[in-house]
Engineer: 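I have a structure here, written as structure tokens, and I will follow up with some questions on it.
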Amino acid sequence: MKKKQLWFTLALAAALPLSAQQKPVYLDENRPIEERVEDALGRMTLAEKLHVIHAQSKFSSGGVPRLGIPELWTDDGPHGVRPEVLWDEWEQAGWTNDSCVAFPALTCLAATWNPDMSLLYGQSVGEEARFREKDVLLGPGVNIYRTPLNGRNFEYMGEDPYLSSRMVVPYVQGVQQNGVAVCVKHFALNNHEVNRHNTNVIVDDRALYEIYLPAFKAAVQEGKAWTIMGGYNLYQNQHCCQNERLLQDILKGEWGFDGAVVSDWGGVHNTEQAIAHGVDLEFGSWTDGLANGVSNAYDNYYLANPYLELIQAGKVGTRELDDKVRRVLRLIFRTAMNTRKPFGSMCSPEHYDAARRIGEEGIVLLKNEGGLLPIRLDEVKKVAVVGENAVKMMTVGGGSSSLKVQREVSPLDGIRARLKGKAEVTYVRGYVGDVGGEYNGVVTGQDLKDDRTPDELIAEAVQVAKEADLVIFVGGLNKSAGQDCEDSDRASLSLPYGQDRVIEALAEANPRLVVVNISGNAVAMPWVDRVPAIVQGWFLGSEAGNALASVLTGDVSPSGRLPFTFPVRLEDVPAHSLGEYTGERRRDTVDIRYNEGIFVGYRWADKQKKVKPLFAFGHGLTYTTFEYGKPTVDRKTLTVDGTVTVRVKVKNTGSREGQEVVQLYVSDLKSSLPRPVKELKAFRKVRLAPGEEQEVSFTLGRDALSFFDADRHEWVAEPGKFEAIVAASAADVKGKVAFELK
């Protein structure tokens, strides 16, 4: 029996009365949870109440041993369950049985445009968390993609609030089916990493409600998320982990959230604000307990002894405390004290299969001139693979989502395994990037050192490319500081380590070139016109190489679609051309104004008609072709409380099976307030055999036609004319049909 199980069993046995008839209400899982919460609350002392609302170690909070109420154990993160660390330190605990399956990063999940994949993802990572006896999984993240420089974009679900909302709900439900709480983060407006602790976001209410809050709202009201994590940044000059507007007024007030608000680690800064403004569980606050004469530094947390002192001095009451404890108890009953939850599983074949399938569906074929892909195994006998990212482990690093995996299949190994006996695969480095391989004590064991000059590496790559039938360059970003990594942002939109030079030299040496970009962010592609095939490969986790090889060889037809816009230049991004962003580290509070308002991503690209994106939101190619019919509506006029159904026929006109993502945007043709040219309001991923045709239908109601009126503080659907726009991407409109709201 594991230590946590043994502790809980002994404590519970000590707390249970001799007679079953005297069993306390809070221990009876057949009783309503609110009755159990009130019963437990009434039995707790003041000290016990304070004990359960802050951490007792790096990743756990205290229970009530006297009553048999166990502690809560949290763990990162959204892409897999992190290894165990020491009680008080970030260093590894040295376990040998805490390796996990790494699932693709959430940008890849969003790129599947498939809620079924999101449910599978949540169920799988939830099973791993349950097996490891975690009560709260710190994820998923749904912060909006405002700038491609944000080092943490790879952990989120893209630029569109509707897409993020539809993809986060199944993830939440899948995890929590295992009796493990999600902790949706980072609430809210955490849209870059540099100065994340001292950025004060200034944004109008319309943008807040239309762009930055919908995914969180969906996670709470539809997904029924059990915990929410506050952000590090400030909003209205209050830190988000103690923010009255966000936590009290919106989350708990308007949305009726009944779960617990968890602080990000070190996100609480003031006892009085923490008491009054909604945080329920405090983690990671920096304290120097020993210098203050306290043997347990956690007693110095803002919601520990400082809170007790305010109560004893009569400066605050216990009403807020009881609310916090109720929420924590509710969380404990749903997770740690839920004896009916499944047992979970770890590193199972099913989880590796899920990781591979999600990766395959999320990979995006950006360009494929001349049908260079899929690889024609009857024609290609020599394949040259070039690039550091073909061999570098990507599951280690990047911040709190760094993982210790049981295995990680590299792109090179995946390609070699798939082409074994079919073609000779030669690998050369091409460039040297980050040769490190350690994060928080997890070591990759890779030796990537190479002392040759860039010119020598390029010369070698060119020579190998000239002799090959096909060249596959695997580059992009990595999880190092200054790239796709927590607590830092990218220095520019460009590829690092001189990769542009390598790609241009390869294109000159062999026109049969495929570029695979491994990243969680958009990158500049000055060579885009010289490269016939480009693949967005994301961070694909444990099955990275196998998933990528499946798509490159055509075992799977690519079906991923971009969850954010790829700009040509950084100046094409509204946060940089119209809004504010600072990449310079500052100690003082930095005001960042979101002057672009609601015009984020494709909304801005549509507005700036002369500025075309490199690749549009929703873009992605397949190995087949699709033909769209003319869209129709079941009624031309509807009332405010009515609905309209849009139908369109889609046919596979190619020679192989494939999946198409049918996207439905809505355009308000005349509005009292500025509105985007179009907004995503529905989508459907359909699988069609060659020659197969299917009718896809979407039902739109008032919510799909509404905008947020900040003056009235409500959603408004104005009567007037609208268009339903059927598209294959934000830049590839297939048909329009008009209707009117009376």
Engineer: The criterion is salt bridge (charged side-chain N to carboxylate O under 4.0 Å, His left out); which residues satisfy it with Arg82, sequence neighbours excluded?
Structural biologist: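 Once residues adjacent in sequence are excluded, the partners of Arg82 under the salt bridge (charged side-chain N to carboxylate O under 4.0 Å, His left out) criterion are Asp76.
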
Engineer: Considering residues at least two apart in sequence or located in another chain, which fulfil the side chain to side chain contact (heavy atoms under 4.5 Å, CB included) criterion with Thr622?
Structural biologist: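 Scan of Thr622 (side chain to side chain contact (heavy atoms under 4.5 Å, CB included), adjacent residues dropped) gives Ser557, Arg561, Thr624, Phe626.
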
Engineer: Applying salt bridge (charged side-chain N to carboxylate O under 4.0 Å, His left out), name anything that partners Glu91, two or more places apart in sequence or on another chain.
Structural biologist: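 Listed in chain order: nothing, the list is empty.
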
Engineer: So, using side chain to side chain contact (heavy atoms under 4.5 Å, CB included) as the criterion, who are the partners of Arg512 when residues are at least two apart?
Structural biologist: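 For Arg512, the residues satisfying side chain to side chain contact (heavy atoms under 4.5 Å, CB included) (neighbours in sequence not counted) are Leu372, Val380, Leu470, Asn510.
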
Engineer: Report the residues that fulfil side chain to side chain contact (heavy atoms under 4.5 Å, CB included) with Ala505, sequence neighbours left out, ordered by chain and then residue number.
Structural biologist: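 So Ala505 forms a side chain to side chain contact (heavy atoms under 4.5 Å, CB included) with Ile458, Val462.
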
Engineer: List the residues meeting salt bridge (charged side-chain N to carboxylate O under 4.0 Å, His left out) with Glu543, not counting sequence neighbours, and say none if there are none.
Structural biologist: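 Listed in chain order: Arg407.
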
Engineer: Go through the structure and list residues passing ring-ring contact (aromatic ring centres under 6.0 Å, His included) with Tyr623, not counting sequence neighbours.
Structural biologist: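 By the ring-ring contact (aromatic ring centres under 6.0 Å, His included) rule, Tyr623 matches no residue at all.
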
Engineer: Could you list the residues that satisfy ring-ring contact (aromatic ring centres under 6.0 Å, His included) with His192, not counting sequence neighbours?
Structural biologist: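 With sequence neighbours excluded, His192 shows a ring-ring contact (aromatic ring centres under 6.0 Å, His included) to Tyr581, given in chain and number order.
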
Engineer: Just to verify, what does Arg357 make a salt bridge (charged side-chain N to carboxylate O under 4.0 Å, His left out) with, not counting sequence neighbours?
Structural biologist: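 Partners of Arg357 by the salt bridge (charged side-chain N to carboxylate O under 4.0 Å, His left out) criterion come out as none, since no residue qualifies.
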
Engineer: Give me each pair satisfying side chain to side chain donor-acceptor pair (under 3.5 Å) with a member in residues 100-113, each pair once, sequence neighbours excluded.
Structural biologist: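 For residues 100-113: none.
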
Engineer: Go through the structure and list residues passing side chain to side chain contact (heavy atoms under 4.5 Å, CB included) with Lys381, not counting sequence neighbours.
Structural biologist: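 Once residues adjacent in sequence are excluded, the partners of Lys381 under the side chain to side chain contact (heavy atoms under 4.5 Å, CB included) criterion are Asp469.
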
Engineer: I'd like a table of donor-acceptor pairs (distance under 3.5 Å, sequence neighbours excluded) in which one partner is a side-chain atom from residues 518-526, with atom names and distances.
Structural biologist:
unit_1: Ser519; atom_1: OG; unit_2: Asn517; atom_2: ND2; d: 2.9
unit_1: Ser519; atom_1: OG; unit_2: Asn521; atom_2: N; d: 3.4
unit_1: Ser519; atom_1: OG; unit_2: Asn521; atom_2: O; d: 2.6
unit_1: Ser519; atom_1: OG; unit_2: Gln536; atom_2: NE2; d: 3.2
unit_1: Asn521; atom_1: OD1; unit_2: Tyr145; atom_2: OH; d: 2.9
unit_1: Asn521; atom_1: OD1; unit_2: Asn153; atom_2: ND2; d: 2.9
unit_1: Asn521; atom_1: ND2; unit_2: Pro148; atom_2: O; d: 3.4
unit_1: Asn521; atom_1: ND2; unit_2: Asn150; atom_2: O; d: 3.0
unit_1: Asn521; atom_1: ND2; unit_2: Asp484; atom_2: OD1; d: 3.0

